[in-house]
Peer 1: 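Can you read through this structure? Questions will come right after.
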Amino acid sequence: MQLINEDDLIKKLKSNKHRDKAFNKLLDLYQERLYWHIRKLVLTHENANDVLQNTFLRIHKSLPKFKQQSSLHTWMYRIAYNESLRFLEQNKKKNHTSLEDVNNRYLDNLVADVFFDGKDIQIKLQDILSKLPDKQRQIFQMKYYDNLKFHEMAHILGIKEGTLKSSYYATARHIEKNMLFIELLTKTGV
Amino acid sequence: MKPGNNHSHLEGQVGSLDLLDQEMHKKHADELGLNVPEDYFSQSKNELLTKITAPKKWILVPFTRNKVIWLAAASLAFILVLNLYTSNVNSGIDVIPAVVSDTIEQLKGSGLVYEFLESEEKDILISSLFIEDTELDEFIADYMIEGVLE
């Protein structure tokens with residue numbers, strides 16, 4: 001078992017001698033977590049793979065400029081988040097689609113992905129999520145699925161912690177209520 | 001947050017981070033129905049490491065080639081400027097268009113041009129005949145002294 005100290009890792013990432021080895025370690029630590037963060041934003045595996053590659057290339061390029069004003073963890077999530085938004089924006093322009101179209105196609109795009117194998121209940125949850133405003137959905141997913149802390153989310157999204165908390169708890173209640181309702185409908189066969 | 005206080009996330013064991021990744025994967029698959037191809041993360045890692053460690057392609061532009069390009073550009077610019085300058089000078093007031101010179105000739109014939117175009121020049125020439133040699137010598141001496149003092 002190996003202890004990892006962030007300061008040591010950053011020093012190694014910034015030194016020419018240890019950089020490649022340290023970057024290898026960084027990928028071991030964060031690749032999977034950043035992938036899931038990106039995947040929920042861009043939905044399909046293919047798109048998530050492209051954005052993940054771009055994210056790590058940007059991280060590698062920007063490491064010498066990293067001033068440690070936030071933790072490495074938060075800084076990387078922020079890059080991943082921005083890369084995902086940039087990708088979505090480019091896609092929107094390329095396909096000449098409006099934000100409304102993108103939201104309407106959320107579920108269609110998701111279900112069409114080869115690497116989505118959701119059953120009824122997962123499709124229903126995704127349907128509820130798709131109907132939420134973008135920011136509200138992102139806040140919920142970052143807290144519930146990415147296990148990020150509110151202060152980290154505040155840094156990534158540029159939203160006050162208090163606002164994030166109230167949005168998260170309201171969304172969680174909304175989802176719970178809807179899922180219970182769906183469960184009830186399923187049981188009663190309506 | 002100040003530099004040097006950022007250990008919180010990584011101070012732990014790699015094993016526990018692997019566990020966290022496994023939990024995260026399970027949660028995304030079970031609740032959201034999201035999956036990834038088999039062995040995806042190791043393949044993606046290798047792909048990234050290849051991209052990052054690939055030698056950069058430098059484009060070498062020889063200095064001599066650059067020098068020649070700059071010299072050629074400077075010469076062209078010089079020729080252009082010179083050409084523009086000379087064409088402007090030629091089209092200036094020194095060159096009298098044919099129409100104007102014809103008109104002057106006609107005016108000369110009618111005796112009207114004398115006052116406007118030739119009176120001043122003739123005045124100077126005629127008055128110079130009446131200047132004494134002593135006055136001329138004085139003028140030249142003053143002119144030379146002024147030149148020396150300056």
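Lettering follows sequence order; numbering is per chain, from 1.
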Peer 1: Can you name the residues that form a side-chain contact (heavy atoms from CB on, under 4.5 Å) with B/Pro37, not counting sequence neighbours?
Peer 2: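 Applying side-chain contact (heavy atoms from CB on, under 4.5 Å) to B/Pro37 gives A/His45, A/Phe115, B/Tyr40.
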Peer 1: Quick one, B/Met24 and A/Tyr145 - any side-chain contact, counting heavy atoms below 4.5 Å?
Peer 2: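 Sidechains of A/Tyr145 and B/Met24: no contact.
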Peer 1: Taking side-chain contact (heavy atoms from CB on, under 4.5 Å) as the test, write out the residues that go with B/Asn46, two or more places apart.
Peer 2: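 Listed in chain order: nothing, the list is empty.
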Peer 1: Give a yes or no on this: more than 12 heavy atoms of other residues, nucleotides or ligands lie within 6.0 Å of atom CD of A/Glu46.
Peer 2: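 Counting other residues, nucleotides and ligands, CD of A/Glu46 stays at 12 neighbours or fewer.
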Peer 1: Check each atom of A/Ile123 against the heavy atoms of chain B and say whether the ones under 4.5 Å are side chain, backbone, both or neither.
Peer 2: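 A/Ile123 has no heavy atom closer than 4.5 Å to chain B.
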Peer 1: In the single-linkage hydrophobic clustering (I, L, V, M, F, W, Y; side-chain heavy atoms under 4.5 Å), do B/Phe139 and B/Met144 co-cluster?
Peer 2: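 Per the 4.5 Å side-chain linkage, B/Phe139 and B/Met144 are co-clustered.
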Peer 1: Could you check whether atom CG of A/Asn16 has more than 12 heavy atoms from other residues, nucleotides or ligands sitting under 6.0 Å from it?
Peer 2: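 Counting other residues, nucleotides and ligands, CG of A/Asn16 stays at 12 neighbours or fewer.
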Peer 1: Pick one of side chain, backbone, both or neither for A/Asp8, based on which atoms fall under 4.5 Å of a heavy atom in chain B.
Peer 2: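 A/Asp8 has no heavy atom closer than 4.5 Å to chain B.
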Peer 1: Could you give the distance from CD (B/Glu47) to CG (A/Asn49), rounded to the nearest 0.5 Å?
Peer 2: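 B/Glu47 CD to A/Asn49 CG: 6.0 Å, rounded to 0.5 Å.
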Peer 1: For a 4.5 angstrom cut-off between non-hydrogen side-chain atoms, does B/Leu34 reach A/Gln126?
Peer 2: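 The answer is yes, as the side chains (C-beta and beyond) meet within the 4.5 Å cut-off.
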Peer 1: Within the 4.5 Å heavy-atom criterion, are A/Glu32 and B/His25 side-chain neighbours or not?
Peer 2: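 The answer is yes; the side chains approach within 4.5 Å.
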Peer 1: If you count the non-hydrogen atoms of other residues, nucleotides and ligands that lie under 6.0 Å from NZ in A/Lys11, is the total more than 12?
Peer 2: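 At most 12 heavy atoms, drawn from other residues, nucleotides or ligands, come within 6.0 Å of this atom.
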Peer 1: Taking atom types as modelled and ignoring hydrogens, do the side chains of B/Lys51 and A/His60 form a donor-acceptor contact shorter than 3.5 angstrom?
Peer 2: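 No.
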Peer 1: Can you confirm whether more than 12 heavy atoms, excluding those of A/Lys21, are under 6.0 Å from its NZ atom?
Peer 2: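 Not buried by this count: 12 neighbours or fewer within 6.0 Å.
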Peer 1: Could you look at A/Gln53 and say if it's the side chain, the backbone, both or neither that has a heavy atom under 4.5 Å from chain B?
Peer 2: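 Both backbone and side chain of A/Gln53 come within 4.5 Å of chain B.
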Peer 1: In Å and rounded to the nearest 0.5 Å, what is the CZ to CG distance from A/Phe23 to B/Leu48?
Peer 2: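 Separation between the atoms: 6.5 Å.
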Peer 1: To the nearest 0.5 angstrom, please state how far the OG atom of B/Ser44 sits from the OH atom of A/Tyr35.
Peer 2: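 OH of A/Tyr35 is found 9.5 Å from OG of B/Ser44.
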Peer 1: Show your reasoning for whether side chain to side chain contact (heavy atoms under 4.5 Å, CB included) applies to A/Gln122 and B/Leu32.
Peer 2: CA-CA 5 Å; A/Gln122 287 127 349; B/Leu32 295 172; 5.9 Å; no
Peer 1: Quick one, B/Asn35 with A/Arg39, criterion side chain to side chain contact (heavy atoms under 4.5 Å, CB included). Give me CA distance, side-chain angles, the key distance, then yes/no.
Peer 2: CA-CA 10 Å; B/Asn35 272 308; A/Arg39 176 78 183 267; 5.7 Å; no
Peer 1: Between A/Asp28 and B/Lys45, is a side chain to side chain contact (heavy atoms under 4.5 Å, CB included) present by the stated rule, with each step listed?
Peer 2: CA-CA 8 Å; A/Asp28 283 340; B/Lys45 183 185 163 186; 2.8 Å; yes
Peer 1: Check whether any side-chain heavy atom of A/Asn147 lies under 4.5 Å from a side-chain heavy atom of B/Lys27, and answer yes or no.
Peer 2: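 A side-chain contact under 4.5 Å exists here.
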